[in-house]
Amino acid sequence: MSGDFPKNAEEARLDRDATREELTETLEALGQKLDVKTRVKENVDEKLDEATAKVADVTNEQTAVRFRHGADVVRSNPLPVFAGVLALVILIRLILRRRNS
């Protein structure tokens, strides 16, 4: 379409359908950007894959298998692991704050 007002009903329908398609694509892209849970999960999976590959390169096979198993546990239920890490960070910060006082 040239951007002009449609001259007949068929052009209007085609213009409407094209606009709907563009809007649908835009909304899907926006929905993906706003889906924080999925984006975090993908990021965690990517980082775990990178870490697993590095451990496999540096250590023996048995250690790499154990690390892979641990990574799978984190993938299946990351909330307790991250809660534990957060608690550890808070505890370390409290200890350092007390030492500085």
Side-chain angles (χ1 to χ4, degrees):
M1 305 254 46
S2 62
D4 296 331
F5 192 77
K7 294 181 177 145
N8 58 39
E10 184 61 30
E11 282 185 15
R13 277 189 222 101
L14 290 173
D15 186 43
R16 177 198 64 199
D17 292 343
T19 302
R20 280 185 181 169
E21 189 174 320
E22 290 173 7
L23 184 58
T24 300
E25 290 173 4
T26 302
L27 288 174
E28 286 175 359
L30 184 59
Q32 289 175 351
K33 287 187 178 233
L34 293 175
D35 190 2
V36 176
K37 184 177 180 180
T38 301
R39 290 177 62 199
V40 167
K41 183 181 181 314
E42 289 170 354
N43 192 15
V44 168
D45 286 344
E46 180 183 321
K47 297 299 181 193
L48 283 174
D49 289 341
E50 290 173 9
T52 302
K54 287 180 183 179
V55 168
D57 289 344
V58 175
T59 63
N60 60 22
E61 184 62 30
Q62 184 179 7
T63 304
V65 168
R66 287 183 181 173
F67 188 84
R68 242 180 260 124
H69 176 70
D72 291 339
V73 169
V74 171
R75 275 190 182 115
S76 66
N77 197 7
L79 186 61
V81 174
F82 290 125
V85 169
L86 179 63
L88 182 62
V89 167
I90 292 171
L91 181 64
I92 291 171
R93 188 164 184 194
L94 290 173
I95 291 171
L96 291 176
R97 195 179 272 178
R98 269 200 179 161
R99 283 187 177 178
N100 292 336
S101 296

Check: Does any non-hydrogen side-chain atom of Leu96 lie less than 4.5 Å from one of Ile92?
Finding: yes
Next item on the list: Could you work out the complete set of other residues in the hydrophobic cluster of Ile90, with links drawn between I, L, V, M, F, W and Y side chains under 4.5 Å apart?
Entry: Leu86, Leu94
Check: Excluding sequence neighbours, so at least two apart, what forms salt bridge (Lys or Arg N to Asp or Glu O under 4.0 Å) with Lys54?
Finding: none
Run the side chain to side chain donor-acceptor pair (under 3.5 Å) test against [X] and tell me which residues pass, sequence neighbours left out.
X	value
Lys47	none
Thr38	Asp35
Asn60	Thr63

Check: residues 64-72 side-chain donor-acceptor pairs under 3.5 Å, at least two apart:
from, atom 1, to, atom 2, distance (Å)
Asp72, OD1, Arg75, NH1, 3.4

Next item on the list: Please identify each residue that fulfils side chain to side chain contact (heavy atoms under 4.5 Å, CB included) with Leu91, with sequence neighbours left out.
Entry: Ile95
Checklist line | Test side chain to side chain contact (heavy atoms under 4.5 Å, CB included) applied to Asn8 - qualifying residues, sequence neighbours left out | finding: Glu10, Glu11
Return all side-chain donor-acceptor pairs below 3.5 angstrom for residues 17-34, not counting sequence neighbours, or 'none' if the list is empty.
from, atom 1, to, atom 2, distance (Å)
Thr19, OG1, Asp15, O, 2.8
Thr24, OG1, Arg20, O, 2.8
Thr26, OG1, Glu22, O, 2.9

Next item on the list: Determine, stepwise, if the pair Lys41 / Asp45 fulfils side chain to side chain contact (heavy atoms under 4.5 Å, CB included).
Entry: CA-CA 6 Å; Lys41 183 181 181 314; Asp45 286 344; 3.2 Å; yes
